[in-house]
Chemist: 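My questions all concern the structure below.
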Amino acid sequence: MPRHEIRPGRAVAGLTLLALAGGYAADAAGAWRIPWTFVLTVFFGGLSLAAAVTWTAYRVRRRRAARKASAENRVAPANTGTGTGPTG
C-alpha cells in the first residue's frame, strides 16, 4: 500500500462537520436545542482551526524537506588518507 502524506487540517475540518451534523441530528430528534449562533461559531471556528493546522503542517513539511535537501547536498570531507589506498 503506497504511503501518503498526512493531512491533519482535513481531519479537523471533517471532525468539525461531523460534530455539526451530530448537533443537527440531536436538534431534529428533540434531544438538544442548539441556537443558530452556536452553529455558526462552531463552523467558522472549526474551519479557522483547520486552516491553522494545515498551515502549520505545511510549514513543518517544508522545513523537513529543506533540512533533508541540505543534508543531501553536503559535501563529504576530503579523503586525507595515509597512503593505504589503491594508489598508495
Side-chain angles (χ1 to χ4, degrees):
M1 176 181 217
R3 292 182 56 165
H4 58 84
E5 57 188 39
I6 297 171
R7 303 282 182 142
R10 289 184 182 186
V12 171
L15 289 174
T16 299
L17 294 178
L18 278 174
L20 287 175
Y24 270 121
D27 190 25
W32 190 29
R33 177 77 181 132
I34 48 174
W36 65 272
T37 55
F38 178 75
V39 172
L40 288 179
T41 304
V42 169
F43 179 73
F44 287 119
L47 290 185
S48 297
L49 180 63
V53 168
T54 298
W55 181 79
T56 303
Y58 169 75
R59 296 296 297 168
V60 167
R61 277 195 311 271
R62 277 193 58 162
R63 187 173 185 170
R64 190 175 293 155
R67 192 178 306 153
K68 183 178 178 182
S70 174
E72 289 174 355
N73 290 336
R74 281 196 199 126
V75 177
N79 188 3
T80 57
T82 59
T84 58
T87 60

Chemist: What distance separates F38 CZ from L20 CG, expressed to the nearest 0.5 Å?
Modeler: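 If we round to the nearest 0.5 Å, F38:CZ and L20:CG are 8.0 Å apart.
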
Chemist: Rounded to the nearest 0.5 Å, what separation is found between the OG1 atom of T41 and the CD1 atom of I34?
Modeler: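 That separation rounds to 11.0 Å.
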
Chemist: Answer yes if V53 and W55 sit in the same cluster of Ile, Leu, Val, Met, Phe, Trp and Tyr residues linked by side chain heavy atoms under 4.5 Å apart, and no otherwise.
Modeler: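 Different clusters.
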
Chemist: Might you confirm whether atom CZ of R61 has over 12 heavy atoms from other residues, nucleotides or ligands at distances under 6.0 Å?
Modeler: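 Enclosed: over 12 neighbouring heavy atoms sit under 6.0 Å from CZ of R61.
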
Chemist: Taking all non-hydrogen atoms of both residues, which atom of Y24 and which atom of V39 are closest, and how far apart?
Modeler: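 So the two residues come closest at OH-CG1, 3.5 Å.
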
Chemist: Out of curiosity, does L17 fall in the hydrophobic cluster containing V12 (side-chain heavy atoms, cut-off under 4.5 Å, transitive links)?
Modeler: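 No, V12 does not connect to L17 through the hydrophobic network.
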
Chemist: Which atom pair, heavy atoms only, marks the closest approach of G9 to A50?
Modeler: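 Of all heavy-atom pairs spanning G9 and A50, the closest is O-CB, 3.4 Å.
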
Chemist: Do you reckon F44 sits in the same ILVMFWY cluster as W36, going by side-chain contacts under 4.5 Å, direct or chained?
Modeler: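 Same cluster.
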
Chemist: Can you tell me how far OG1 of T54 sits from CG of L49, rounded to the nearest 0.5 angstrom?
Modeler: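 That separation rounds to 9.0 Å.
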
